[in-house]
Q: 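One structure is given below, represented as structure tokens, and several questions about it will come after.
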Amino acid sequence: MSAEAAGKILEMLRAKEMHLSGGTMSKTLGMSRSAIWKHIKSLRREGYQIEAKPARGYRLVAVPQHLTHWEIQKGLGTEQFGKSLYVFPQVDSTNVVAFRLALNGAQEGAVVVAESQTKGKGRLGRRWESPVGTNIYLSIILRPQIPPNKAPLITLMVAVACVHAIEEVAGLVPAIKWPNDLLLGERKLGGILTEADMEMDRINHVVVGIGINCNMTHTSFPLSIRDTATSLQEVLGREVSRITLIQAILRHLEQWYKKLLQGRIDEIKRRWGELSLIRGKKVTIAFMGTMVKGTALDIDDDGALLLQEGEGTVKRIVAGDVHVKGVITDVIRH
Ligand code: BTN
């Protein structure tokens with residue numbers, strides 16, 4: 001069945017609080033009454049409650065609580081991001097699904113969203129808790145025409161975009177902990193996992209995975225991360241619409257991605273600096289068994305972290321776990 005046709009039926013039903021006759025719909029949409037009925041049945045299967053009354057027609061009674069592509073695309077307001085959208089009840093990892101789609105030629109801006117993940121991936125081989133129906137698990141395919149050495153900027157740009165989206169929807173401004181953590185009150189609210197298919201001199205595609213703890217309650221976090229993770233719900237004391245937040249993320253992401261492609265890296269660096277938890281602070285960075293200590297100065301034009309060791313040299317750090325005194329998010333999340 002065509003999702004587009006079902007979407008049009010849904011729009012007509014939304015626009016009318018009263019019953020809408022099958023005849024009117026079939027005339028307006030140019031399809032048979034039995035086709036309309038088939039689409040109604042498939043919308044019902046998606047969780048839309050649609051009343052059907054003889055001689056009066058159809059009426060939309062309730063929309064589903066879970067994510068559907070119709071709800072996400074309604075009023076999305078992007079040019080390209082999310083126009084191609086795959087919504088699943090469960091996947092192993094949205095990044096894995098998106099990577100496969102990208103290898104099969106999916107377009108830039110295609111988005112994969114899931115209600116839950118059985119093998120949600122965090123950075124450095126860690127697991128990402130992905131229980132059903134409460135959080136955002138989203139991956140987007142990008143095909144940036146930028147040199148591979150600039151790829152780390154993508155994660156930073158996405159972090160900035162996510163902060164703007166969260167501020168718009170929840171009125172909270174998370175801090176960014178280089179390279180990919182979003183923190184509220186020094187607890188982990190979300191993370192970004194960027195995976196790329198690259199050659200020496202070009203990026204074929206990038207999959208950016210975004211996980212945001214939206215409506216998890218304190219006690220529903222596993223004990224191992226209960227004291228180091230948080231959710232918007234926990235901080236606000238109320239639920240946040242995942243649909244509204246997904247839409248805001250896609251909108252802000254599209255705007256910040258354009259800046260990246262236009263080479264407006266100073267704007268990204270400036271905003272990142274304002275939101276950064278670690279800029280100007282003494283940090284320890286752990287990577288593959290080694291530790292480096294120093295003061296986090298800034299990021300450079302390629303997205304590497306500039307770390308001043310004592311009074312002396314400035315080192316470029318391209319990967320690692322940053323530990324700031326008092327902030328222990330990554331030590332626990334194994
Ligand atoms: C981290 O902080 O370690 C990164 C976490 C990224 C989690 C998201 S959830 C959506 C996407 N799919 C995954 O398997 N991981 C990312």
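Order of appearance sets the numbers: ligands from 1, and atoms from 1 within every ligand.
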Q: When only distance counts, is Trp128 in polar contact with ligand 1, meaning an N/O pair under 3.5 Å?
A: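 Trp128 vs ligand 1: no N/O contact under 3.5 Å.
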
Q: Using the ring pair (Phe, Tyr, Trp, His ring centres under 6.0 Å) rule, take His205 and Phe99 through it: C-alpha gap first, then chi angles, then the decisive distance, then the call.
A: CA-CA 8 Å; His205 69 256; Phe99 212 92; 4.5 Å; yes

Q: Can you sort out which atoms of ligand 1 are near Ser139, meaning under 4.0 Å from one of its heavy atoms?
A: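 By the 4.0 Å cutoff, the relevant atoms are 11 (C).
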
Q: Near Gly120, which atoms of ligand 1 are under 4.0 Å from a heavy atom of that residue?
A: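 Every atom of ligand 1 under 4.0 Å from some heavy atom of Gly120: 14 (O).
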
Q: What part of Arg126, side chain from CB on, backbone N/CA/C/O, both or neither, has a heavy atom under 4.0 Å from ligand 1?
A: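 The answer is neither.
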
Q: On the six-membered ring of Trp272, is Lys269 placed so that its NZ or CZ lies under 6.0 angstrom from the centre and within 45° of the ring axis?
A: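 Pair Lys269/Trp272 does not count as cation-pi.
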
Q: Closer than 4.0 Å to some heavy atom of Asp181 - which atoms of ligand 1 meet that?
A: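 Per the distance check, 2 (O).
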
Q: Can you get from Val97 to Ile72 by hopping between Ile, Leu, Val, Met, Phe, Trp and Tyr side chains that sit under 4.5 Å apart?
A: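 No, because Val97 and Ile72 fall into different hydrophobic clusters, even though each may have its own neighbours under 4.5 Å.
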
Q: Using 30° and 60° as the class limits, which term best fits the ring planes of Trp70 and Tyr48: parallel, tilted or perpendicular?
A: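 The arrangement is perpendicular - the two ring planes meet at more than 60°.
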
Q: According to the salt bridge (Lys or Arg N to Asp or Glu O under 4.0 Å) rule, which pairs have a member within residues 163-174, sequence neighbours left out?
A: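 Salt bridge (Lys or Arg N to Asp or Glu O under 4.0 Å) check on residues 163-174 returns Glu168-Arg251.
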
Q: Among side-chain atoms of Glu115 and His66, is any donor-acceptor pair under 3.5 angstrom?
A: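 There is no such pair between these side chains.
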
Q: List every atom of ligand 1 that sits less than 4.0 Å from any heavy atom of Gly122, numbering the atoms from 1 in the order shown and giving each element.
A: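 With Gly122 as reference, the close atoms of ligand 1 come out as 1 (C), 3 (O), 4 (C), 5 (C).
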
Q: Can you check which of Asn135, Asn180, Thr194 brings a heavy atom nearest to atom 4 (C) of ligand 1?
A: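 The residue whose heavy atom sits nearest atom 4 (C) of ligand 1 is Asn180.
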
Q: For Thr94 and Gln117, test the side chains for any donor-to-acceptor distance below 3.5 angstrom and give the result as yes or no.
A: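 Per modelled atom types, Thr94 and Gln117 side chains form a pair under 3.5 Å.
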
Q: Short list, please: which atoms of ligand 1 are under 4.0 Å from a heavy atom of Lys121?
A: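 In order of number, 5 (C), 6 (C), 7 (C), 13 (C), 14 (O), 15 (N), 16 (C).
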
Q: Taking only heavy atoms of Leu138 into account, list the atoms of ligand 1 that are under 4.0 Å away from them.
A: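 Reading through ligand 1 atom by atom, the close ones are 10 (C).
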
Q: Which of the numbered atoms in ligand 1 are under 4.0 angstrom from any heavy atom belonging to Ile210?
A: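 Contacts of ligand 1 toward Ile210, numbered from 1: 8 (C), 9 (S), 10 (C).
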
Q: Please determine if Gln117 has a nitrogen or oxygen closer than 3.5 Å to a nitrogen or oxygen of ligand 1.
A: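 Yes, since at least one N or O of Gln117 sits under 3.5 Å from an N or O of ligand 1.
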
Q: Which of the numbered atoms in ligand 1 are below 4.0 angstrom from a heavy atom of Arg123?
A: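 With Arg123 as reference, the close atoms of ligand 1 come out as 1 (C), 3 (O), 4 (C).
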
Q: So, using ring-ring contact (aromatic ring centres under 6.0 Å, His included) as the criterion, who are the partners of His19 when residues are at least two apart?
A: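 With neighbours one apart ignored, the set is empty.
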
Q: I need the contact type for Ile192 against ligand 1. Using non-hydrogen atoms and a strict under-4.0 Å cut-off, is it side chain, backbone, both or neither?
A: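 Answer for Ile192: backbone.
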
Q: Using heavy atoms and a threshold below 4.0 Å, how should the contact between Leu124 and ligand 1 be classified: side chain, backbone, both, or neither?
A: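 The answer is neither.
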
Q: How close do Gly209 and Ser139 get, counting heavy atoms only, and between which atoms?
A: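 Gly209 and Ser139 have their closest heavy atoms at CA-OG, 3.7 Å.
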
